[in-house]
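Numbered from 1 within each chain, the chains take letters A, B, ... in sequence-line order. Keep in mind the model is a prediction, meaning the values are calculated, not measured.
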Number of protein chains: 2
Amino acid sequence: MQNNKLPTIKEIAKKLNVSVSTVSRALHDHPSIGLVTTMRVHKVAKELGYEVNKSAIYFKERKTYTIGVIIPSLAEPFFSSALCGVEDFAGQFNYNVIIGQSLDSFEREQRIVENMKDHRVDGILVSLTKETSTYEHFDNLKKYNIPIVFFDRVPQKKDIHFVSCNLHSGMLQAISRFVDAGHKKIGLINGPAKMAATLQRLEIYFKCLKENNLPINYDIIASTTLSKEDNVKAIKKLIDQEEIPTAVMVFNDYVLLDCIATVKAAGLEVNKDISFISFANLPIWEYMDTRPLASIEQFSYKQASIATDFLFKLIDANNKGESTEIDYLQQIIDSEIVNY
Amino acid sequence: MQNNKLPTIKEIAKKLNVSVSTVSRALHDHPSIGLVTTMRVHKVAKELGYEVNKSAIYFKERKTYTIGVIIPSLAEPFFSSALCGVEDFAGQFNYNVIIGQSLDSFEREQRIVENMKDHRVDGILVSLTKETSTYEHFDNLKKYNIPIVFFDRVPQKKDIHFVSCNLHSGMLQAISRFVDAGHKKIGLINGPAKMAATLQRLEIYFKCLKENNLPINYDIIASTTLSKEDNVKAIKKLIDQEEIPTAVMVFNDYVLLDCIATVKAAGLEVNKDISFISFANLPIWEYMDTRPLASIEQFSYKQASIATDFLFKLIDANNKGESTEIDYLQQIIDSEIVNY
DNA sequence: GTTGACTACGCAAACGTTTGTGTAATTTTT
DNA sequence: AAAAATTACACAAACGTTTGCGTAGTCAAC
């Protein structure tokens, strides 16, 4: 029904008997075009409902004003909140955001990177898959001059741009909180061994224990693959002892939910017989009856915002053709505990 | 450092002393190109690391293989789950998804639509702002042949493609559940008057009461602007009576959380003194101690998936140049209660 | 040995825009 | 009044790809 064809600069030119270059310049109010002509062009453009064809410009400029975000899962509040940060920030710069869910599959991550590269995005933000331990698929992007900034789940290497969260500050606050409350036996429920976050949490846990002059006791350290039954198994390991830990650091809120249910079922009272502090990834505790003492907040929104800022800096540098590789943009923000 | 320029079809052509058209066809294994030439082209293409410039193709084909999704907020699980549905579905078709958060602002919604139009997306999925009551900004898209499918929060008009959720089925199940449990005084806490969902819930509430031969009683109907204090005010209205409603339908889970806290604070016991069923938008109840009797699930993921399917049908029709306006694609799926 | 059919490829236009360069016409300078 | 400068525009190339059409060359058929 509608006229399928959108008006172009050519049609304006024809209508006014001027050249397309004149029209183009007039539309940009270029000084070399006379005032009358400029006005006439604007008038006709408006009449025709002309709008630039951005696809043409993207093509010509070799830019798309689009950035890609690769996150493990949209369903996780931690990441949807991060995406929110990206979107808010990118929107202000009139950039579009395309998303890709890796669903924690390395293969999907590769495919998404490939796809975004094909789409010629101007830059990519990534939070890695649990499985990701090699980074060739990202290194490839350098050939295409597509900058990449990692956030939260970042590669274990130094020659990258990234934003991550320092668990030490939060964990230290957490342990202090426990210690101040009189706890001496502070356990840990950790994640899957292959996740970078797991090793990190363990190291920092040790470090913080040391800083508080507490002994390391492997009987009160458990790990889980994050499945429900494994979570239950982990907490059961800790409470199936004569002398159970009175405080436990828990890998994340999902795990903690299972822990809470399990200890309750075992007849223990949370925050009395046993206290918890978790690494926050669910914004639910304020609505819950049974809460951990506190959570260690890792500020996904903030991380993502900073990462996006970095990305725009890099894209900018690209535009200006600053071939001299600028320094790696890296920022580690402090985690903090939030009390409940 | 890197060679900034990506190899093009031209360079392959030059290298082999053939024309670009030959290369193009060879790359697509066109039968009119000899086998040897085809193979040589493929070989050189591989050597050079050639990849098609999709921007060029997008431009030429006037397509971007990208769809836009406009949702009120990524932070709401209901919508991030919907986005998840879109992404999963679109990914299978090798389509990209760009997102826009309206943040329930009509003005932002307009801007996002504009932006997506500029970006020449192939289609748009929308869940409306609470404020949206006029639709010119969407009607505009027809000029550009950009199909649009609404989901969940859909316009109050008939000449659109949409997927929405029928509250009647779920509400009827809910009221029946209450009635079966012996409840006779079933209240309602509704949303802001200007939201379409509010009127709808009210009408269906009346209808379901009628179908169960229950009287309408305005003393046990309240409404809230969805702010915390308003939520509290609403539930207080219901329980500050001699004879309180023993069952209440609640606008959504956020409201319900406040209701539960409030009735507890008032010394009432949930599921004994007063029972609730809410319209689900938070996937948290299975982790909570105090739960509603059930929730009315509106299947955001499913709605979004179907809407995406519709959108692809429309895009397909567009591609085939089926100018004959195909019928409006409309589907109303049944809500269902899920018990806790 | 003139047709006709195939094969295998090249030419050029087209998509819409921007931009460097060229050039008349007009105005200013000397 | 001739030279120089300025104004206001046009021309054409370029971005990378696809595709309709044209055309040499080969081979078989009559």
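A perpendicular orientation is assigned to the rings of B/H137 and B/F106, their planes being inclined by more than 60° (bins at 30° and 60°).
When atom types are taken as modelled, the side chain of B/T129 and the backbone of B/E131 share no donor-acceptor pair closer than 3.5 angstrom.
Of the two residues near DNA chain C, A/V20 and B/I33, the one whose nearest nucleotide lies more 5' is B/I33. Summary of the strand contacts: B/V18 and B/K60 both lie near DNA chain C, and taking for each the nucleotide with the nearest heavy atom, the more 5' one is attributed to B/V18.
Ring centroids of B/H119 and A/Y65 are separated by 6.0 Å or more, keeping the two rings apart.
Annotation for B/A90 and B/T308: closest pair N-CG2, 4.4 Å, computed over non-hydrogen atoms. Here the closest heavy-atom approach between residue A/K157 and residue A/D139 is recorded as NZ-OD1, 3.5 Å.
Legend: residues meeting side chain to side chain contact (heavy atoms under 4.5 Å, CB included) with A/K302, ordered by chain and number and at least two apart, are A/F299, A/I306, A/I333. For B/I315, the side chain to side chain contact (heavy atoms under 4.5 Å, CB included) criterion is met by B/K63, B/I67, B/Y95, B/D122, B/P147, B/L311, B/F312, B/N319, not counting sequence neighbours.
Within residues 34-53 of chain A, the residues having any heavy atom closer than 4.0 Å to DNA chain D are, in order of number, A/G34, A/T37. Contacts between residues 22-32 of chain B and DNA chain D, counted as heavy-atom distances below 4.0 Å, involve B/S24, B/R25, B/H28.
Here C/dT18 presents its P atom at 15 Å from NZ of A/K63, a figure rounded to the nearest Å.
Screening A/R62, A/E61, A/K54 for a side chain to side chain contact (heavy atoms under 4.5 Å, CB included) with A/Y58, the sole residue that qualifies is A/K54. Only one option out of B/E114, B/E107, B/E109 pairs with B/R111 in a salt bridge (Lys or Arg N to Asp or Glu O under 4.0 Å); it is B/E107. When each of B/Y328, B/F310, B/F138 is paired with B/H161, the ring pair (Phe, Tyr, Trp, His ring centres under 6.0 Å) condition holds for B/Y328 and for no other.
Expressed to the nearest 0.5 Å, how far CG of A/N145 lies from CG of A/L141 amounts to 10.5 Å. For the atom pair OG of A/S164 and CD of A/Q330, the computed distance is 9.0 Å after rounding to the nearest 0.5 Å. Rounded to the nearest 0.5 Å, atoms CD1 (A/I98) and OG1 (A/T64) are 8.0 Å apart.
When the local axes at the two ends of the helix from C/dG1-D/dC30 to C/dT30-D/dA1 are compared, using 5 base pairs at each end, they differ in direction by 60° after rounding to 10°.
For DNA chain D, the contact window with chain A, defined by any atom under 4.0 Å from a protein heavy atom, covers D/dA8 to D/dG16 in 5' to 3' order.
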